[in-house]
Amino acid sequence: MRYPGRKRKPGIEPAEIGYRILLAAVLVFLLYYIFKASVDVVWSDYIRLIDSYLPDVTNIRKFLVPDVLTRIPAAYLGRIINVRAFRYSVMFDRVLTVTGIGLMGYALVQFSLRQRLKFPFFLLMMIVLASLNKWEVLLNGTAWPHAMAIGLFFVNYLIFDRIWTGESGATHELAACVFPFLMLFIAGDYIAGYAVTMILVSLYGAATGGAADFDTGHQQNVFIRVTLSTVAALLLYLLSRHFAVYEHAGATDMSIFDLLKTAPSFFPRFFLKSLAGDVWDAEMIAAYSISDEVLFAAGALVFLMYIIWFIVYFALGLNEKSIFPLLLLVSGFANHGIVMAGRWIFLNENYGISSRYGIQFSIGIFGMIAVMALYKAPKSNYRERKLAKMRNLGRAVVYFGLALICAGTIFTGVSEWNKAQYRKENYRHMAEMILDYENQDTEELKSALEWHKDEETMLNALKTIKDNKLNVFRPSLNTGGTIDGFFSKTETP
């Protein structure tokens, strides 16, 4: 007989309160880090956005364009709220990023409670969620739609898991079919990894009927509908993307086939290094002069971990408990491939270890922990013989995974925490230069603001925020406010 998902008792349990408190603590920690490591100043990608969309953020003509889905429609609404309510605050966008991470945490809490996972595994998930190896995502406010999209992916995966175990209703089934179209408004290019994951797992569900031991035909029909909805949403996005014009500074004109001929090892090297990015970020690697050989070895180990967890998941029949871990594993692994597919054009095999991908790559780590947790969950008579045969292998993999993930996460987090004050000083320097940008050397200003394109766009953007009293030029900074953030009341130094 198939193993149904564990049903929670009605009412709020003590574990639920504790899990929610721990999640809240993680989010408070991330917010504290943001205010510790940054100030409220625009730079880099914000310059492009200001030049393209400000000050008239409600101009509908900038929204009604063929490639609108690549421009992330939800970002339009976010900019309107930000400009109207906060005079274009980067801190507002950073808080939205943490909100997206909060959605990820919410899904992990719900999954842990449904499956009654042991607390150490939930704690490990929260440690990964709190990791600062995604510092670039946290501090780069323009990344908030991506973080929010990933949070919504997790919620979607949670709904799909209820359908898989036969604990869903018509509302869940409708939501699973609608979610792919909702993702069109916020996911941008991230919809590729999401779509690959949902299509593959939905097809698997259509072939097996999920884990429910009743009305398998209905379950299969639901999975087919989810597959078709996801394919339709992906095609709509690809159609919109067809009309987009991308400008990639530093990209090669070489075709992928020419690269395969001239440097056949480039893609394997890129992929292994991106897998090593699950453990260390680029700054950590540079600071400690970690060699390519060590990176390749670490990447190979992470690749092996993925393979082992896929094997353990199916060999122990954990798919009959929950599909949530498989969704995370497939999504995390697919993201490595999608990053390589989109970034190889820069001919930099280290591109995939950037902290900007930390939140994407962490999805797979959550999947590994989820498999560990289900394997270690309290047992009844469920597949006891198979569990006994694989106990030694499972124990070794669990301990190795815990050691690797904890060591990399904690070490990177401590290192990044110690750098926070220096990052803040750098942002302060940016703000001081912007406030006096008309008297600054243009090349020095471009370097400080990490702007690598034409100076005219940068100067036009800075003139826009000055003329409209936005961001560092907003009136509150002249009346006791501070560039440290829109919640602060201290004097500007």
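No experiment lies behind these values; they were computed from the predicted model shown.
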Nearest 0.5 Å please: distance from the [atom1] atom of [X] over to the [atom2] atom of [Y].
| X | Y | atom1 | atom2 | value |
| --- | --- | --- | --- | --- |
| Ile150 | Gln360 | CD1 | CD | 5.5 Å |
| Leu275 | Met305 | CG | CE | 11.0 Å |
| Leu327 | Ile363 | CG | CD1 | 11.0 Å |
| Asn156 | Met183 | CG | CE | 6.5 Å |
| Ser355 | Glu136 | OG | CD | 4.0 Å |
| Arg356 | Leu138 | CZ | CG | 14.0 Å |

Which label fits [X] and [Y]: parallel for a plane angle under 30°, tilted from 30 to 60°, or perpendicular past 60°?
| X | Y | answer |
| --- | --- | --- |
| Tyr351 | Tyr357 | tilted |
| Phe122 | Tyr19 | parallel |
| His336 | Tyr306 | perpendicular |

Sidechain-backbone polar pair: [X] side chain, [Y] backbone, donor-acceptor under 3.5 Å:
| X | Y | value |
| --- | --- | --- |
| Lys446 | His452 | no |
| Lys134 | Leu129 | yes |
| Asn468 | Leu470 | no |
| Asn418 | Val414 | yes |
| Asp40 | Ser89 | no |
| Lys321 | Leu374 | yes |
| Arg84 | Ile81 | no |
| Glu349 | Phe270 | no |
| Asn335 | Ser331 | yes |
| Ser240 | Tyr237 | no |

Name the residue from Met91, Arg428, Lys424 that meets the side-chain contact (heavy atoms from CB on, under 4.5 Å) definition with Ser38.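 Among Met91, Arg428, Lys424, the one that satisfies the side-chain contact (heavy atoms from CB on, under 4.5 Å) with Ser38 is Met91.
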
Are there more than 12 heavy atoms of other residues, nucleotides or ligands under 6.0 Å from atom [atom1] of [X]?
| X | atom1 | value |
| --- | --- | --- |
| Phe185 | CZ | no |
| Phe266 | CZ | yes |
| Phe303 | CZ | no |

Closest heavy-atom contact between [X] and [Y]?
| X | Y | value |
| --- | --- | --- |
| Ile163 | Ala176 | CD1-CB, 3.6 Å |
| Ser202 | Val226 | OG-CG1, 3.3 Å |
| Gln115 | Ser322 | NE2-CB, 3.6 Å |
| Ala448 | Met430 | O-CE, 3.4 Å |
| Val137 | Ala143 | O-CB, 4.0 Å |
| Leu158 | Tyr106 | CD2-CE2, 4.4 Å |

Show your reasoning for whether side-chain contact (heavy atoms from CB on, under 4.5 Å) applies to Leu49 and Thr142. CA-CA 9 Å; Leu49 295 175; Thr142 59; 3.6 Å; yes

Partner set under side chain to side chain contact (heavy atoms under 4.5 Å, CB included) for Phe181, not counting sequence neighbours: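 Counting only residues at least two positions away or on another chain, Phe181 forms a side chain to side chain contact (heavy atoms under 4.5 Å, CB included) with Leu184, Ser229, Ala232, Ala233, Leu236.
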
Residue pair Thr457, Arg48: steps toward the side chain to side chain donor-acceptor pair (under 3.5 Å) verdict: CA-CA 7 Å; Thr457 298; Arg48 174 182 57 81; over 6 Å; no

Sequence neighbours excluded - salt bridge (charged side-chain N to carboxylate O under 4.0 Å, His left out) pairs with any residue from residues 174-195: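 Pairs touching residues 174-195 that pass the test: Asp189-Arg241.
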
Does NZ or CZ of [X] lie under 6.0 Å from the centre of the six-membered ring of [Y], at an angle within 45° of the ring axis?
| X | Y | result |
| --- | --- | --- |
| Arg79 | Tyr53 | yes |
| Arg116 | Phe121 | no |
| Lys419 | Trp135 | no |

Could you walk me through whether Asn471 and Tyr46 pass side chain to side chain donor-acceptor pair (under 3.5 Å), step by step? CA-CA 11 Å; Asn471 196 249; Tyr46 276 100; over 6 Å; no

Thr165-Arg114 side chain donor-acceptor pair, cut-off 3.5 Å: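 Distance-only check passes for Thr165 and Arg114.
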
Between Glu450 and Ser44, does the side chain to side chain donor-acceptor pair (under 3.5 Å) criterion hold? Intermediate values first, please. CA-CA 5 Å; Glu450 300 176 17; Ser44 191; 4.7 Å; no

Between [X] and [Y], is any pair of side-chain heavy atoms under 4.5 Å apart?
| X | Y | value |
| --- | --- | --- |
| Phe160 | Thr197 | no |
| Phe29 | Leu132 | yes |
| Trp451 | Trp43 | no |
| Leu259 | Leu347 | yes |
| Leu462 | Leu449 | yes |
| Phe243 | Thr70 | no |
| Thr252 | Trp344 | yes |
| His146 | Ile359 | no |

What residue among Phe366, Tyr194, Phe324, Tyr190 forms ring pair (Phe, Tyr, Trp, His ring centres under 6.0 Å) with Phe153?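 Only one of Phe366, Tyr194, Phe324, Tyr190 forms a ring pair (Phe, Tyr, Trp, His ring centres under 6.0 Å) with Phe153, namely Tyr194.
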
Before you tell me yes or no, could you show the steps for Phe179 and Tyr157 under side-chain contact (heavy atoms from CB on, under 4.5 Å), namely the whole-Å CA-CA distance, both residues' side-chain angles and the distance that decides it to 0.1 Å? CA-CA 10 Å; Phe179 244 99; Tyr157 297 161; over 6 Å; no

Phe333 ring center near Trp309 ring center (under 6.0 Å):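 Centroid distance Phe333-Trp309: not below 6.0 Å, so no.
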
Could you please spell out the steps behind the side-chain contact (heavy atoms from CB on, under 4.5 Å) verdict for Val98 and Trp144? CA-CA 8 Å; Val98 176; Trp144 77 260; over 6 Å; no

Just list the side-chain donor-acceptor pairs under 3.5 Å for residues 56-63, sequence neighbours left out, or say none.
{"residue": "Asp56", "atom": "OD1", "partner": "Thr58", "partner atom": "OG1", "Å": "3.4"}
{"residue": "Asn59", "atom": "OD1", "partner": "Arg61", "partner atom": "N", "Å": "3.0"}
{"residue": "Lys62", "atom": "NZ", "partner": "Ser52", "partner atom": "O", "Å": "3.0"}

Stepwise side-chain contact (heavy atoms from CB on, under 4.5 Å) check, Ile365 with Ile369: CA-CA 6 Å; Ile365 297 175; Ile369 298 171; 4.1 Å; yes

